[in-house]
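Accompanying notes for the structure given below.
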Amino acid sequence: MDHGWLEVGLAMAAMAVLALWLCRRLGLPVILAWLGLGLLAGPQGLDWLATEQIHLVAELGIVFLMFSLGLEFSLPRLWAMRSRVFGLGSAQVLITGGLGWLISLALGIELRSALVVGAAIALSSTAIVLKQLDELGWLNRRHGELSVSILLFQDLAVIPLLIVIPMLGSDSAGTALMAELGWALLKGLASFAILLWAGGYLLPRLFDEVARSRSDELFVLTTLVVALATGFITLWLGLSMALGAFLAGMLLGESQYRQQLEADIRPFRDLLMGLFFVSVGMLLDLTLVVDHALLLLALVVSVIIGKTAVIMALGVISGEKYKDALATGLCLAQIGEFSFVLIGLALTWQVLDPTLANLLVVTGVISMALAPSLINRCLDLAKRLIGQGHQWTTDPEEDLSLPREDHVVLLGYGRVGQTIARFLRRESIPYTALDLDPIRVREARLGGEPVMFGDGSRADILKETGITRAKLAVITFDNRRGIFNLLDCIRDLAPDCRILVRTRDDDTLMALEQAGADQVIPESLEGSLMLVSQVLYQLGVPLPVILKRLERERRRHYRTLHGFFSGEEGVTEQLHGVTLPEGAWAVGRSLSKVSLTHWQVSIEGVQRERERLEAREELVLAPGDTLLLMGASSKLERAERRLLDGY
């Protein structure tokens, strides 16, 4: 039996580990490690692999990358950022790409190849820029917001480019080529509309059913199947697999499962994307690099200076400060990973000459290697380059732009978690909750609660709650193994965060404290109220206020204390959110005229956009309002019918 392929695989895996470790230690992008591995294993190195051997696997990496990218998009989010995304972002891509195209034509490059060169230069590295800005805490600063907006449009621009480039590789010309491009774009729009319609209805329901199974394996497998299936649908339509995966991700981007989906897909995406960059690295020709060293240096300098100048000019024209505009340009001065995707696709369809492609790849690699240093020093460089001739103003909130701090993370949003959340809300203490019950999460989010779906023992999901900046974490669920796993995860990510744990009995009290819990509260009569008092005390609420709150809660007794977003537990009385569509019976009526007492259901509050309103009798209901009803589950359906249909 020939074990040669096994030896090659083992050697490549070992070299990949070493290369990734080295890049991490040196603070370089990990993409460089994969590109170097491809160079070493390809025809210019040890000649272990042929491009055809990993082509399919590398393409799957692009599919999963586009699916993950789609999760970060949503139509509401794009609409909220529309002025910067579609204004500044589109101008940057068109002007930078247009200049690259014109300069390429002037240098004698063929028309179709020049289009690919311009498109590749216009794109920046989403992975590197977002990672660096996040680590520096600059995502919420002005230059960070501008960078994210431009990157969003750049990533969107990849979609039509993935459609257009295969068409450029056809033998058609003139009118025939324009007809093919028009037909391809029409199919792209049609597939977008069909997937938007079908996926918007089917995908949330599919993941609701999968989440109810409480099976990690089924959830991961379903995620992979959805990403690949939508990719194959668009491939069947004659378009790119990446387009379908992106649309599927975008449809799920506003769902309660976004964080869990992203966490599940990330290991597959990162590994397969690594193989894609290995295939790109195999294209590098070191002899060509040596022969054209001065040309490469000129290209790198031209790309960095040119992109910085264009972005700065557009930022200043749009009314941004010189400092922020220049810092944004420095952040986005490199060539991005999607440029490699376009170059690889152009090579496949013979739109680019291999020599030109190699020059572009090396230029991109060098610019990406310089990117972390440019981003880290962008504000200092902007100040020095602008000089004292311009007025230099420091934003008063510049040092206060870090994400929310000193909040509470509730791990579990059952009865105890919701009781704690109610008290935190009254004291205006910010909190985020995490739960694995899809029904409970959906109902809570409908009611305006900051609740996410996800497994807290997963580090990447726990980071989404802001645990590294939290003042307190409260574990409220009763799963012994899960609690110990969660304690380990929290202590690794946030060693300074205090942790309170609710447990049903005290036989594991000592073990939980040894595992990292600062305080363990065994459940007993009024156990949830004990936990609430400890939470408020740890957060600095005065003791008399705590006692007064608890006494008031006792007087209200079961009526409010036992009203919960029930999920799949059996609860006598529960909260249920009902959103009023246009034309609903209750729209335009005040709460005093919307009586639900006949069904023994009360209206506990009204969620209007992002504001929680008190259930006052004079409040007039409007389309889009979400009413929080409390009552027996058997009565809620009739009450909902009353609100919607009037009977």
Side-chain angles (χ1 to χ4, degrees), residues 29 84 87-111 113-126 128-129 132 143 146-147 149-155 157-158 161 289 292-318 320 322-343 346 352 356-379 381-382 384-387:
R84 292 200 301 267
L88 189 59
S90 62
Q92 184 273 324
V93 170
L94 290 174
I95 293 175
T96 307
L99 288 175
W101 174 61
L102 291 174
I103 293 172
S104 299
L105 288 177
L107 293 174
I109 298 175
E110 192 264 334
L111 176 64
S113 299
L115 286 172
V116 177
V117 172
I121 292 174
L123 304 179
S124 304
S125 176
T126 302
I128 293 176
V129 175
Q132 293 297 121
H143 71 284
L146 293 172
S147 297
S149 300
I150 294 173
L151 286 170
L152 282 175
F153 188 85
Q154 288 182 1
D155 293 338
V158 172
L161 291 171
V289 173
H292 298 83
L294 292 177
L295 175 59
L296 283 170
L297 179 62
L299 284 173
V300 172
V301 173
S302 300
V303 167
I304 292 176
I305 293 178
K307 292 186 73 171
T308 301
V310 168
I311 294 171
M312 179 184 175
L314 291 173
V316 172
I317 291 171
S318 63
E320 301 296 335
Y322 281 90
K323 173 198 66 172
D324 295 326
L326 180 53
T328 303
L330 291 169
C331 286
L332 303 178
Q334 74 290 139
I335 289 177
E337 56 273 353
F338 280 117
S339 300
F340 296 149
V341 176
L342 299 182
I343 293 169
L352 271 186
L356 177 59
N358 197 46
L359 287 173
L360 281 174
V361 169
V362 177
T363 302
V365 169
I366 297 173
S367 70
M368 292 172 82
L370 297 173
S373 297
L374 284 175
I375 296 171
N376 291 345
R377 302 182 61 200
C378 65
L379 291 175
L381 289 172
R384 292 180 183 179
L385 292 173
I386 290 174

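We're numbering straight along the sequence, starting at 1.
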Query raised in the report: In Å and rounded to the nearest 0.5 Å, what is the CD1 to CD1 distance from Ile103 to Ile109?
Result: 10.0 Å
**Report entry** Residue among Leu314, Ile150, Leu88 satisfying side-chain contact (heavy atoms from CB on, under 4.5 Å) with Thr328
**Finding:** Ile150
**Report entry** Between CG on residue Leu299 and CD1 on residue Ile304, distance to nearest 0.5 Å
**Finding:** 11.0 Å
Report summary line: Heavy-atom closest pair (Leu342 atom, Ala119 atom, distance to 0.1 Å) is CD1-CB, 4.2 Å
Query raised in the report: Are more than 12 heavy atoms from other residues, nucleotides or ligands located less than 6.0 Å from atom CG of Leu294?
Result: no
Query raised in the report: Between atom CG of Leu379 and atom NZ of Lys323, what is the distance when rounded to the nearest 0.5 Å?
Result: 6.5 Å
Query raised in the report: How far apart are the closest heavy atoms of Gly97 and Ala122, and which atoms are they?
Result: N-CB, 3.8 Å
**Report entry** Check: Ile317 main-chain N/O paired with Glu320 side-chain donor or acceptor under 3.5 Å
**Finding:** no
Query - Listed once per pair and sorted, the side-chain hydrogen bond (donor to acceptor under 3.5 Å, both in side chains) pairs that draw on residues 296-311, sequence neighbours left out - result: Ser124-Lys307
Query raised in the report: Can you check side-chain contact (heavy atoms from CB on, under 4.5 Å) on Leu360 and Val116, steps first, answer last?
Result: CA-CA 10 Å; Leu360 281 174; Val116 177; 5.6 Å; no
Requested in this report: Kindly state each residue pair satisfying side-chain hydrogen bond (donor to acceptor under 3.5 Å, both in side chains) with at least one member in residues 89-108, sequence neighbours excluded.
Outcome: Gln92-Thr96, Gln92-Gln154
Requested in this report: Taking side chain to side chain contact (heavy atoms under 4.5 Å, CB included) as the test, write out the residues that go with Ser339, two or more places apart.
Outcome: Ala120, Leu123, Ile335
Query - Straight-line distance of Leu297 CG to His292 NE2, nearest 0.5 Å - result: 14.0 Å
